[in-house]
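No experiment lies behind these values; they were computed from the predicted model shown. If you read the sequence from its start, that first residue is 1, and numbering goes on from there.
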Amino acid sequence: MGQLRIRIYTVFQLLLSLLLFSSNVYASSAAPSFLVIVADDMGWSDIGAFGSEIRTPALDALATGGVTMTNFYVAPTCSPTRAMLMTGVDSHLAGLGTMDGVQAPNQLGSRNYDAQLHHDVVTIAEGLKTAGYATLMSGKWHLGIDESQYPSNRGFDRSFALLEGGASHFGDADPLYRGIEATYLEDGLRAPLPEGFYSSIGYTNKMLDYIRAVDEDKPILAYVAYTAPHDPLQVPDDWLDKYKGVYAEGPAVLRAQRAKQLSVLGLVDSELDLWTSPQIPSFLPAHIKPWPELSSEEQAQASRPMEIYAAMIELMDQQIQRLIDELERSGRLDNTYVIFLSDNGPNGATPLSYPNNTREWFLNNYNHELDQQGKQDTHTYLGREWASAAAAPFKLYKGAVAEGGIRAPLIVIGPSVVANSKSSQVAQVTDLPATFYELASINPETAPAFEGKILPEGRSLVRNWQDTDLVESRSFATELFGQRAVVFDNWKATNFQPPLGRGKWELYDLSKDPVK
């Protein structure tokens with residue numbers, strides 16, 4: 001009888017082990033979900049994990065729980081980066097070799113410079129949908145205004161999208177510049193903005209609604225494209241003074257403070273020579289008086305944009321936490337890769353750089369009083385001095401192929417991602433679709449959805465997220481507005497056209513001179 005009991009017990013143990021093994025295999029083989037979060041015009045050092053004084057607890061927690069990539073590259077401006085993120089294909093091949101409305105005469109009619117996607121590329125929404133994913137999008141699209149290129153026609157099951165590159169962050173939907181409108185669509189149809197709308201909160205609310213409507217055992221691609229902190233710099237009234245007085249010492253001091261904190265974090269060398277913006281002579285309109293020469297009133301006026309900008313980033317961070325909380329509540333978080341990045345560097349240009357804007361129109365169309373800045377009906381902008389600080393320690397900012405324009409923060413957590421680690425692997429935004437496809441067990445070379453299409457050209461980052469000591473050789477090139485750059489591991493060659501450069505190639509060793 002004792003031997004029989006032992007045999008029964010042994011068989012029971014065996015069956016239990018097999019059951020648990022089968023369960024574990026199922027759990028580990030379940031397709032992961034993806035939450036992809038993109039900030040708009042945010043600098044490399046604008047979050048706490050990258051040396052900032054701005055309060056970003058949600059993003060800092062992601063950095064602690066996962067991998068921060070310190071040599072991650074994007075395009076110099078919004079649309080080209082988003083094209084590469086969506087397709088894994090160079091922005092020119094995807095149709096966005098430039099931005100809508102600024103094509104040169106010889107680019108008009110060109111498939112590569114049409115400034116919107118075309119159907120020779122496959123979006124990650126289209127690719128992942130073939131593997132059973134629910135595909136959700138909320139926020140800025142900026143990849144085409146033709147109906148055939150709406151998010152709803154490029155693979156997204158649910159979408160709430162601003163088609164254009166920007167607008168008022170409030171419900172008035174004031175366009176970014178003259179001659180366009182702010183077009184909001186939900187699932188391809190015009191959508192009125194709800195009362196009390198503010199962009200970061202409204203985009204998050206929509207995505208939360210979409211996620212909650214999906215069966216919890218179905219994998220999701222959730223793409224949240226915030227318009228913060230893109231100009232116009234605006235926040236709800238109770239956020240206006242969150243950073244009042246923080247930037248009273250001026251942009252040069254802030255840049256130095258961030259560089260010091262970056263060295264403490266081990267992200268830059270403590271002996272690094274900071275790039276300084278060339279001073280424009282006082283007889284030119286673009287001249288900016290040195291900070292010590294400004295009166296206290298002028299300093300208050302000049303520091304206000306940075307105060308609003310910082311508040312926008314903290315508010316966005318708060319909304320990111322809401323997304324994380326929902327994934328955790330629903331039990332999805334453990335099998336979700338959360339990826340955060342910025343689409344390019346901070347914006348140092350003025351609104352006069354936008355098509356059709358004139359100084360007279362800008363001055364007459366908005367309220368410019370100090371106590372009104374950051375509110376609806378204003379168009380506060382960062383300016384090149386604060387943008388230089390936000391891009392610390394790098395050279396230049398949005399629109400340039402310098403590091404300040406194309407080096408972006410990237411943070412990721414996920415099932416196979418090591419915690420609290422930094423990766424120095426050189427990577428580009430085209431690598432993300434390749435990574436998603438590997439994790440979702442999709443091979444673009446054989447999958448029917450990619451037949452006859454331009455295949456993704458990036459390289460999967462899965463191994464780099466699992467082993468941050470792994471550094472593989474990587475090269476890529478980028479071009480925009482005639483500016484060109486080639487990155488090969490630690491080497492970078494740049495060709496800046498006047499007035500930013502001499503139109504000649506220059507070669508830098510980024511391991512010794514990383515600011516270029």
Is there a donor-acceptor pair under 3.5 Å between the side chain of [X] and the backbone N or O of [Y]?
X: Gln299; Y: Trp291; answer: yes
X: Thr123; Y: Glu126; answer: yes
X: Asp215; Y: Asp217; answer: no
X: Thr430; Y: Gly88; answer: no

Using ring-ring contact (aromatic ring centres under 6.0 Å, His included) as the criterion, list what pairs up with [X], not counting sequence neighbours.
X: Trp239; answer: none
X: Tyr150; answer: none
X: Tyr223; answer: none

List for me each residue that meets side-chain hydrogen bond (donor to acceptor under 3.5 Å, both in side chains) alongside [X], sequence neighbours excluded, and say none if there are none.
X: Asp269; answer: none
X: Asn367; answer: none
X: Glu186; answer: Arg158, Lys206, Tyr210

Carboxylate-amine/guanidinium contact [X] [Y], below 4.0 Å:
X: Glu249; Y: Arg255; result: no
X: Arg258; Y: Glu53; result: yes
X: Arg304; Y: Glu307; result: yes

How about [X] and [Y]: do any of their side-chain heavy atoms sit closer than 4.5 Å?
X: Arg82; Y: Lys140; value: yes
X: Leu221; Y: Leu136; value: no
X: Asn347; Y: Tyr381; value: no
X: Phe72; Y: Val429; value: yes
X: Cys78; Y: Lys398; value: yes
X: Tyr243; Y: Ile313; value: no

(request) Please test Tyr198 against Phe170 for ring-ring contact (aromatic ring centres under 6.0 Å, His included), starting from the C-alpha separation and ending with a verdict. (result) CA-CA 5 Å; Tyr198 177 77; Phe170 293 103; 5.4 Å; yes
As an exercise, state the distance from [atom1] of [X] to [atom2] of [Y], rounded to the nearest 0.5 Å.
X: Asp489; Y: Leu510; atom1: CG; atom2: CG; result: 10.5 Å
X: Leu432; Y: Ile124; atom1: CG; atom2: CD1; result: 8.0 Å
X: Ile37; Y: Met207; atom1: CD1; atom2: CE; result: 9.5 Å
X: Phe156; Y: Asn153; atom1: CZ; atom2: CG; result: 12.0 Å
X: Ile308; Y: Lys375; atom1: CD1; atom2: NZ; result: 10.0 Å
X: Asp90; Y: Thr478; atom1: CG; atom2: OG1; result: 7.0 Å

(message) Does atom CD1 (Ile145) have a neighbourhood of more than 12 heavy atoms from anything else shown, all under 6.0 Å?
(response) no
(message) For the CG atom on Asp209, are there more than 12 heavy atoms of other groups (residues, nucleotides or ligands in this structure) within a distance under 6.0 Å?
(response)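 Counting other residues, nucleotides and ligands, CG of Asp209 exceeds 12 neighbours.
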(request) Could you tell me whether Trp44 and Phe50 have their ring centroids closer than 6.0 angstrom? (result)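 For Trp44 and Phe50, the ring centres are under 6.0 Å apart.
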(message) Let's go through Thr380 and Gln373 carefully: what are the C-alpha distance in whole Å and the side-chain angles of both, what is the deciding distance for side-chain hydrogen bond (donor to acceptor under 3.5 Å, both in side chains) to 0.1 Å, and is it a yes or a no?
(response) CA-CA 6 Å; Thr380 304; Gln373 292 307 293; 2.4 Å; yes
(message) With salt bridge (Lys or Arg N to Asp or Glu O under 4.0 Å) as the rule and sequence neighbours excluded, what pairs involving residues 60-69 come up?
(response) none
Give every donor-acceptor pair under 3.5 Å between a side-chain atom in residues 400-417 and any protein atom, sequence neighbours left out.
from, atom 1, to, atom 2, distance (Å)
Glu403, OE1, Tyr73, OH, 2.8
Glu403, OE1, Arg407, NE, 2.7
Glu403, OE1, Arg407, NH2, 2.7
Glu403, OE2, Tyr73, OH, 3.3
Glu403, OE2, Lys492, NZ, 2.7
Arg407, NE, Tyr73, OH, 3.4
Arg407, NH1, Thr70, O, 2.7
Arg407, NH1, Asn71, OD1, 2.9
Ser416, OG, Tyr337, OH, 2.7

(request) Could you point out which residue of Arg463, Gln425, Arg459 forms a side chain to side chain donor-acceptor pair (under 3.5 Å) with Glu472? (result)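 It is Arg463, the one option of Arg463, Gln425, Arg459 that forms the side chain to side chain donor-acceptor pair (under 3.5 Å) with Glu472.
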Any residue meeting salt bridge (Lys or Arg N to Asp or Glu O under 4.0 Å) with [X], in chain and number order, not counting sequence neighbours:
X: Asp513; value: none
X: Lys395; value: none
X: Arg55; value: Glu314
X: Asp231; value: none

Measure across [X] and [Y] and return the closest heavy-atom pair with its distance rounded to 0.1 Å.
X: Ser45; Y: Ala391; value: OG-C, 4.2 Å
X: Val121; Y: Leu117; value: CG2-CD2, 4.3 Å
X: Pro232; Y: Ser168; value: CG-CA, 4.0 Å
X: Lys129; Y: Thr135; value: CE-OG1, 3.8 Å

(request) Check the pair Thr204, Tyr226 against side-chain hydrogen bond (donor to acceptor under 3.5 Å, both in side chains), reporting the backbone distance first and the verdict last. (result) CA-CA 9 Å; Thr204 303; Tyr226 290 111; 2.8 Å; yes
(request) Ignoring hydrogens and angles, state whether a donor on the side chain of Arg322 or Gln319 is under 3.5 Å from an acceptor on the partner side chain. (result) yes
(message) I'd like to know if the side chain of Tyr397 pairs up with that of Asp41 as donor and acceptor (distance under 3.5 Å, no hydrogens or angles considered).
(response)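 There is no such pair (donor and acceptor under 3.5 Å, judged by atom type) between the side chains of Tyr397 and Asp41.
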(request) Determine the sole option in Val418, Asn464, Asn420 for which the side chain to side chain contact (heavy atoms under 4.5 Å, CB included) test with Val67 is passed. (result) Val418
(request) Could you walk me through whether Glu216 and Arg332 pass salt bridge (charged side-chain N to carboxylate O under 4.0 Å, His left out), step by step? (result) CA-CA 7 Å; Glu216 292 181 358; Arg332 290 185 181 275; over 6 Å; no
(message) Quick one, Asp317 with Gln321, criterion side-chain hydrogen bond (donor to acceptor under 3.5 Å, both in side chains). Give me CA distance, side-chain angles, the key distance, then yes/no.
(response) CA-CA 6 Å; Asp317 182 86; Gln321 187 60 58; over 6 Å; no
